[in-house]
Novice: 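Here's a structure for you.
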Amino acid sequence: MGISVPAAAAAPLPRTNHLFAGAQFAFIASILMLGLYIGLTSTWTLLEPDFLIGLSLTAAATSLLFAVPPSGALRGLLVLVPTIDILAVGFFRDTLPNLPTSGLLIVIPVLWLAGGFGVSALPVPVFGAIFVSLIPVARAGAWPTTPGGWGAICILPALVLIMTVTVHLAARQLRAHEGRARIALAAATEAAAIATTVSESVDAAVAFFRPDGTAALRNEATYEQARLAGFDPKTRAGVHVYGPDRKTRLPPEKQVINRALRGESFRGDLYWVGQPGDQRAIIGNARQVHTDEGTFVGTITVGHDVTDLADAVALREAFLIDVSHELRTPLTSIIGYLDLLTEGHDLQQLGLEREVSTIQRNAEQLYAIIGDLLAAGDAEMRVRIALTDVADIARESAAAILPQASEAGVTVRAEVPPHVELEGDGGRLRQVLDNLLSNAVKYTPRGGRVVVTVGVDGTTCTVTIADTGIGISPDDQRQLFDRFFRAREVRDDARPGVGLGLSIVKSITEAHHGWITVSSRPGRGSTFTVTLPLRQPRAGAPSAS
Ligand code: ADP
């Protein structure tokens, strides 16, 4: 967004009487010093008519300065003040032929005329200098006859001419600089006003920190969130700041401001502030601010209060868990009775084998979905750690998916070493592989390939499931592990699924202190990589994650 500059900012600098009064004061002070010198050396000179004329002219110029109003049509008359001063210098110099340096007094009005007025005033100092130089000639009634005499007449006007032009150009440049500085200042003031108004108009808590960590801007909402969090300016952190589970206190170094000031940029981090019972859900964002030239100017943090949304999500999850529990009990009973039916009767003879096996398959599928819903709704994924062979699990999982894969026309290959032992929950890890392999087969068109590999790299084990399937767009990859997320094309194709598998896979992996990544190109296939530590951290030992 461009920032408009007020017209006043582009106007030339006003030349204040204040400034002119300063110049005249300097002139008077110089004359007083001259007067003191004369008083000490030849007191009578002070009463000479030329000296008194000089003094009268100075007094007249000073009165004019104070008589002319600082603004208005008469302002132009001010040019007379330094002009009269120049005439006064002529008389002072004439009084003191033994003190030619007294002519230097002309410097003050000359600088003033050259720097304080427009181009039209420039001839005035030069003519003034000629006048000052000619007074002795007029008194003598004859032009000089020696080159030295001519030099004495010409040197002052020549010096004044050079000085006038130089000072005028320098003053013009200075004014141009000042004009630009005023424009920049006006733009900065306007930008600051816009930033403040914008930050006060949003509900989110917005703060801006300079590179040295001091806060340059904080809106009202930041004070409210800081109050709830029990913010301590010394640690730049709150005492009542908790992670997404609402229970785990976040240490100061993991809180938004400290992370942001360390140079981290992030978006969408959920945390809770406030004492239990009075907590608000906040989504924290932070980013570094740079100028167009790339200079770092500070850090901005934004905290959105999303408590209503978080409450709605919590309600949805509680509802899902309740409904899943309610459905599981009768479904367990149906599956139990179906088992009794198949074990206790010859269904083939009864002509019911196909129907009962269809009921059984669908009931088991429903049971698996309910299991997923319950697992996804469980805030904490529980794992039972024991020595487990992941290579075996991968082989078994790949074998189990074969019927489904051959029906879909997809080949599945396991490139797995004989044994890879790690500390983990065998049942849960099987769930991870089953989910990833079933996705790989489900989202790979006929004729495609799926390869599962297991490898060891130092202290970690890596399991990859690569397919040549439909792939996942970069946008979808960002939401892939969110509960209930399904890509649009998958929903449009009506492929079965509820979008919980990957979120469960992620929870299980993280419960093992591991992590999962995906690389994929739409239309070319996807590779999911699960990295697990071979040894789980002992209770009380610092965790790597
Ligand atoms: P579901 O498979 O039940 O929809 P998941 O959580 O397992 O749920 O997967 C979520 C979404 O991720 C899927 O709907 C699909 O859009 C995408 N996805 C997962 N695995 C793959 C894959 N191997 N290839 C392409 N898309 C995938």
Side-chain angles (χ1 to χ4, degrees), residues 313 316-317 320-321 323-324 327 361-362 364-378 381 394 397-398 400-402 404-415 427-454 462-511 514-531:
V313 170
R316 181 192 72 175
E317 269 159 25
L320 273 177
I321 289 174
V323 170
S324 307
L327 289 176
R361 204 178 55 245
N362 282 308
E364 267 156 18
Q365 200 179 338
L366 201 55
Y367 191 82
I369 292 175
I370 289 173
D372 277 358
L373 285 172
L374 284 170
D378 206 344
M381 172 63 68
S397 186
I401 201 78
L402 280 180
Q404 198 183 319
S406 72
E407 201 178 311
V410 174
T411 60
V412 177
R413 210 172 65 232
E415 292 177 0
R428 291 295 194 195
L429 293 178
R430 173 70 192 263
Q431 218 178 332
V432 167
L433 274 132
D434 284 352
N435 256 305
L436 293 175
L437 274 168
S438 121
N439 277 351
V441 169
K442 193 160 58 166
Y443 301 118
T444 299
R446 194 163 280 281
R449 288 185 316 278
V450 173
V451 181
V452 51
T453 61
V454 176
T462 309
V463 181
T464 60
I465 290 97
D467 64 54
T468 56
I470 58 172
I472 306 155
S473 71
D475 262 2
D476 287 348
Q477 285 179 36
R478 276 192 280 278
Q479 306 173 62
L480 208 57
F481 299 98
D482 292 351
R483 285 176 206 176
F484 303 109
F485 172 78
R486 306 200 73 216
R488 161 95 76 74
E489 58 271 32
V490 166
R491 273 182 278 136
D492 292 350
D493 279 8
R495 290 182 214 232
V498 282
L500 284 174
L502 287 182
S503 83
I504 295 171
V505 164
K506 186 166 182 252
S507 305
I508 296 175
T509 309
E510 287 175 354
W515 60 93
I516 179 166
T517 56
V518 62
S519 76
S520 180
R521 279 172 65 192
R524 305 294 287 272
S526 314
T527 301
F528 286 84
T529 306
V530 176
T531 308

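Order of listing sets the numbers, starting from 1, for every ligand and every atom in it.
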Novice: Please report, to 0.1 Å, the donor-acceptor pairs under 3.5 Å made by any side chain of residues 496-511, with sequence neighbours excluded.
Specialist:
residue, atom, partner, partner atom, Å
S503, OG, L500, O, 3.1
S507, OG, S503, O, 3.0
T509, OG1, V505, O, 2.6

Novice: Which residues pass the side chain to side chain donor-acceptor pair (under 3.5 Å) test with Q365, sequence neighbours left out?
Specialist: none
Novice: Could you name the protein residues that come within less than 4.0 Å of ligand 1, counting only heavy atoms, and order them by chain and residue number?
Specialist: N439, A440, K442, Y443, D467, I470, G471, I472, L480, F485, R486, A487, V490, G497, V498, G499, L500, G501, L502, S526, F528
Novice: Listed by chain and number, what are the side-chain contact (heavy atoms from CB on, under 4.5 Å) partners of R521, not counting sequence neighbours?
Specialist: R524
Novice: Can you measure from CD1 (I516) to OG1 (T529) and round to the nearest 0.5 angstrom?
Specialist: 8.0 Å
Novice: Spell out, as yes or no, whether a donor-acceptor pair under 3.5 Å connects the side chain of D467 to the backbone of V450.
Specialist: no
Novice: To the nearest 0.5 angstrom, please state how far the CG atom of L373 sits from the CZ atom of R483.
Specialist: 10.5 Å
